[in-house]
Structures are given as structure tokens and as C-alpha cells.
Amino acid sequence: MRTVKNVYLDYAATTPVDPEVFEAMSPYFTETFGNPSSIYSFSSRSRAAIEKARGQAAAALNALPEEIFFTGSGTEADNWALKGAVKKLRSRGGHIITAKIEHHAILHTCEYLEKNEGVKVTYLPVDGEGRIRMEDLEAAMTDETILVSVMFANNEIGTIQPVKAIGELCRERGVLFHTDAVQAAALLDIDVRELSIDMMSISAHKMYGPKGVGALYLRKGVKLENFVHGGGQERGRRAGTENIAGIAGMGFAMEQMKARLPREKPRLCALRDRLIDGILKAVPRAKLNGAAKDERLPNNTNFSFIGIEGETLLLDLDAKGIYASSGSACTSGSLDPSHVLMAIGLTHEQAHGSLRMSMGRHTTDEHVDYVLETLPDIVAKRREMSPIWEA
Amino acid sequence: MAYSEKVMDHFSNPRNVGEIENPDGLGEAGNAKCGDIMKIYLKVRDNVIEDVKFKTFGCASAIASSSIATEMIKGKTVDEAWALTNTAVAEALDGLPPVKMHCSVLAEEAIHKAINDYRVKHGMNAAPVREFDHDHAV
């Protein structure tokens, strides 16, 4: 048997830092360490690094440099967008619309706002593939609605939302539109102007940049209350001494990503489709979760294998050197399976038996072959000992 | 999730997997909602558990708990098997993470239900079983 070990298929969780990105970051730890807020000329090099990164990030999204604000994570950007908008617009209205399949960075922030700010939140349902319906969004809008936050693409099932239609509707109604693009920004061409996006959260570590740095795109003219208070960094909008190395890494990573995308996207789509077709063919009663090919992130696959529990699959795969993730309760650290899988109408058995394999820059055809050789046997073996599996 | 070597051993090479045709006792515990279902099959002769098999849907600790519990009751009298507690199952596995303790509880419950099934089938009275709320962590 071929010995392919260390088949990392969890790029949706995090990506390795690109060696060139790492290289671009390295001067800012020991050499060019000056505080960008200082006056002397040495510190201007730190300032220049940040402004260069801001330009790189803006160019990748068709934004203006002054519309990019660096944060400590995608989660912080989500928190800032939602809490900052509510604080600013509370007098105009107290209603937010979001979706049931959002990341916890959005959902838990919404719950916080419901509890502490008396905001009303509508959690839009999704169809069987995880997409919100435009008619539901339209029907949910009231005079009180101040903000719509719908993710660009889902982290678990990869479904891409009708972002352009959402953006246009919000613009027409004068409602702010925020999108969590933490997954999508690494894999899709995003033009914030064309899509009528007002605010967008992104994260560096999903696109071969470092952990601990993210950004909020904030369209010029959109007013937002500050979230982190302190010094005058980020033009007085986000306090805290800048993570220069992290920011430099993020900007460079986005530039790299953008340049690679025309080749990388079709390559990933081909790998994804081969994996999906192969699994559906080789594993009896395997179910693909999420949308069909064109409306799915290029790197995402998500299956349910009825009769087996997800953690069991992950550990069996781990023993074969394959690293993946699951939406089962046992892997979420709670006793409830993934809210995303439940929202698309899966049964508990299907949600517990889910497996996400997300691909990336180092995924090869050989890796896909190896999974297709390995996974069907694991599923068959575990189903044999399952009391709820009937072949 | 850090599992002991014992858990990983019983998870990777589970003992006594399968079914027994016309079992003397059959017990099932758990539900699909919580993600764990355990079925225990008993063959009893002269009040001794001559053979025991299991089928489990669940995570690694549920499979390991089933496997080691069947080993612990095989060859024991019915009363001895009844005395097996979830704590003893967890200890035999060199411990389970706190959030996974309910898996050992499932083994105790399934064995008790199988023994009760055997007792009722043989004209004896069923004893009360500790029923657990599987939708919430123990």
C-alpha cells in the first residue's frame, strides 16, 4: 500500500503560514520593532509596513485603503461590526436580521445584543442546501431594521449565499449589510463595491497568513461606534499597538492569494468534485451536505454517513494520517450536533455522522486517492458494529 | 480530546462486537439524539453469563466502554454482572474525560436492561434500573 501520511484536510479550520509570508513578517519582530505611534524616523518603517499591508488588503477586495481596519481576529471584526452598528444606530431602530447557519462569532454576539441591548434579532431559516431565501429576508425587514448580517459562505457546508442580491436589497432599503467572509475571502474573488457590502470581516489564518490578525472592511461613510478603546491606532478606530508582523503578513498573504486564485480555484474545484463523486460512489448511502458545485466553496466537502458517529470517523482517519473535522456533538464539546447541519434539516443521526474535509494549497490528487482508498473501509467497519445501521 | 491508551485500544480493537441470535437477555440504552446507542446481547447458562456481544453507535468512549464492559461481565454470574458500575467501567479504561462519563453510564444501563430482560423472560422480577437523562451531561 502507498504510504501517504499527514493528509491535512482541515484548511477551513486553519492554514499553514506561507513560507514567503513568514519571510515577509520576520523583520518586524527583532529588527524593525519600533512602535508605529512613535515620532522618530525608525518607527516610520513600522508605519510604512502597516500602510503597505492596508493597500494590499484593499486591492484584493477592490476597497480603498482607508476602508480597511486591522483587528485581532475575524471574531473581533464580527463583534465590532455588530456591536458598533447597534450602538451607533440604536436610536434609529432595534432590529437585526441574521441567519441560523452563522458562525458562533455572529450568533453569540447577537444573543449578547438581545440580552444586553434589548435588540430584536430575526434568525432566518435556510433551505436544504443552507441558503437563505431572498423572500424571507425581504419579509423580515421592518422600519426598525438597522442591520443585516449574513455570512458570505458557510464554514461547515461551504454554501455560498446570494451576497449580491442581499447587498442590493439592503442598499435599496437603507439598511447596513455586514458579511462574515472569513471562509470566502480565501477562496473567492470578492469585490466589495460590486456586491454592495458595507462591512466585511476577514481573517489572515484562513489564507496562509498568521493567526491573531483579522480585518474589518468598513465602507467609507458608514458610521460605527468603536469597540476597542484606548490609543489612537487605526486612525482612532481600533486601539492597541499594532501587530506589525501579523498585519504585514496578512497584507502579503492576501496579495499572494489573489495572484494565485485564477489557477488555484479551478484546481481545488476539480479536487473537490473528484472527492465528492468518489465518496458518493464508494460509500453506500453517503449524503453530501450543502450546495451543488457552483454554489459551494471550491475547497469544501461535507458528508453524512448514517450509522456512524463523527468522532469515531475522525479518530479512525487520524490513525491513517488523515486530518478532518465533524459536526457531531462529541467533537463540538457539547451534546448537541452542529446548528448548521440541524438548520439544513438533517436528522440527529445524520448530523452526528457528519464529516468535513476541506482542501487547500497542499492538497494533491494523491491525497484524494488515498482518502478514497481509506474512507470506505473505515465506514464499512464502523457500520458493522452499529445498532442503527441496516445495509 | 485526550483519551487513555486503554480507551484507544478498545476503540481500535473492540472486543465482543456483534449480535447473539435468540439472546437470553437484550438491553438497549441511549438515543440517537444524544449520539449514543448501545445494545447488549447476553447468553446465560446456569446463571452465568456465558457469552456477551455488543453493538454501539457512538463516539470512541462509547465504543470503548461497551467493549471493556462486555469483557468485565463475561463468565460472571448474573448478580456479579449487575454489580458492575459505570465508575468501575471508567476506571478500567484508565479514566474518561469528564464530558464523556455518560458513555460509561450507558454501558451500566444497557447491561442492567439486558439482565432485567433475562430475569423477566425466566420468571424473575426485574430490578430498578438507574435511568439517565441522555440529553444532558452527567
Side-chain angles (χ1 to χ4, degrees), chain A residues 10 13 285 287 304-342 345-355 374 377-391, chain B residues 1-3 5 7-20 23 26-41 53-67 70 96-103 105-106 110 114 132-138:
Chain A
D10 208 12
R285 288 173 61 196
K287 181 190 182 309
S304 282
F305 303 107
I306 194 88
I308 332 178
E309 200 280 331
E311 189 205 69
T312 292
L313 268 177
L314 297 190
L315 291 171
D316 283 341
L317 287 170
D318 182 23
K320 298 281 186 186
I322 299 170
Y323 311 131
S325 81
S326 168
S328 85
C330 279
T331 55
S332 70
S334 76
L335 291 182
D336 294 316
S338 142
H339 65 283
V340 175
L341 299 177
M342 297 310 286
L346 262 54
T347 62
H348 277 90
E349 286 97 321
Q350 288 173 323
H352 283 301
S354 73
L355 175 71
T374 313
D377 289 344
I378 290 175
V379 173
K381 186 186 138 208
R382 288 299 172 185
R383 275 176 169 172
E384 251 175 60
M385 64 177 74
S386 169
I388 61 167
W389 168 250
E390 283 161 36
Chain B
M1 189 69 61
Y3 284 127
E5 277 180 36
V7 171
M8 288 310 291
D9 174 34
H10 279 266
F11 165 70
S12 306
N13 306 292
R15 281 58 136 182
N16 304 311
V17 175
E19 297 175 10
I20 294 174
L26 173 60
E28 181 177 329
N31 61 53
K33 193 164 176 254
C34 74
D36 297 295
I37 299 175
M38 199 178 288
K39 258 185 171 174
I40 299 271
Y41 301 76
K53 297 275 186 204
F54 82 87
K55 277 201 161 183
T56 292
F57 163 74
C59 56
S61 47
I63 290 168
S65 294
S66 324
S67 169
T70 57
L96 284 172
V99 65
K100 302 284 189 173
M101 277 306 283
H102 71 282
C103 293
V105 165
L106 219 57
F132 297 93
D133 180 359
H134 296 291
D135 292 344
H136 298 96
V138 179

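All of these numbers come straight from a predicted model, not from anything done at the bench. The basis for the numbers below is simple: all heavy atoms, side chains too, and nothing from hydrogens, waters or symmetry mates.
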Task: Set of ring pair (Phe, Tyr, Trp, His ring centres under 6.0 Å) partners for A:His348, sequence neighbours left out - done: none
Task: Residues that A:Asp10 engages under side-chain contact (heavy atoms from CB on, under 4.5 Å), provided they are two or more places apart - done: A:Tyr8, A:Ala13, A:Ser325, A:Arg356, A:Ser358
- [ ] Only counting residues at least two apart or in another chain, list the ones meeting salt bridge (Lys or Arg N to Asp or Glu O under 4.0 Å) with B:Lys53.
- [x] none
TODO: Answer yes or no: is there a donor N or O on one side and an acceptor on the other, between the side chain of A:Glu311 and the main chain of B:Ala60, under 3.5 Å?
DONE: yes
- [ ] Enter the distance from B:Met8:CE to A:Leu315:CG here, rounded to the nearest 0.5 Å.
- [x] 5.0 Å
Task: Proximity breakdown for B:Ser12 and chain A, heavy-atom pairs closer than 4.5 Å - done: backbone
- [ ] Can you check whether anything in residues 379-386 of chain A gets within less than 4.5 Å of chain B, heavy-atom wise, and list it by number?
- [x] A:Lys381, A:Arg382, A:Glu384, A:Met385, A:Ser386
- [ ] Could you pull out the closest heavy-atom pair between A:Pro387 and B:Thr56, with the gap in Å?
- [x] CD-C, 3.2 Å
Open item on the list: Measuring only between side-chain heavy atoms, which start at C-beta, is A:Asp316 closer than 4.5 Å to B:Phe11?
Closed with: yes
- [ ] Keeping the roles fixed (side chain from A:Ser328, backbone from B:Gly35), state whether a donor-acceptor pair exists under 3.5 Å.
- [x] no
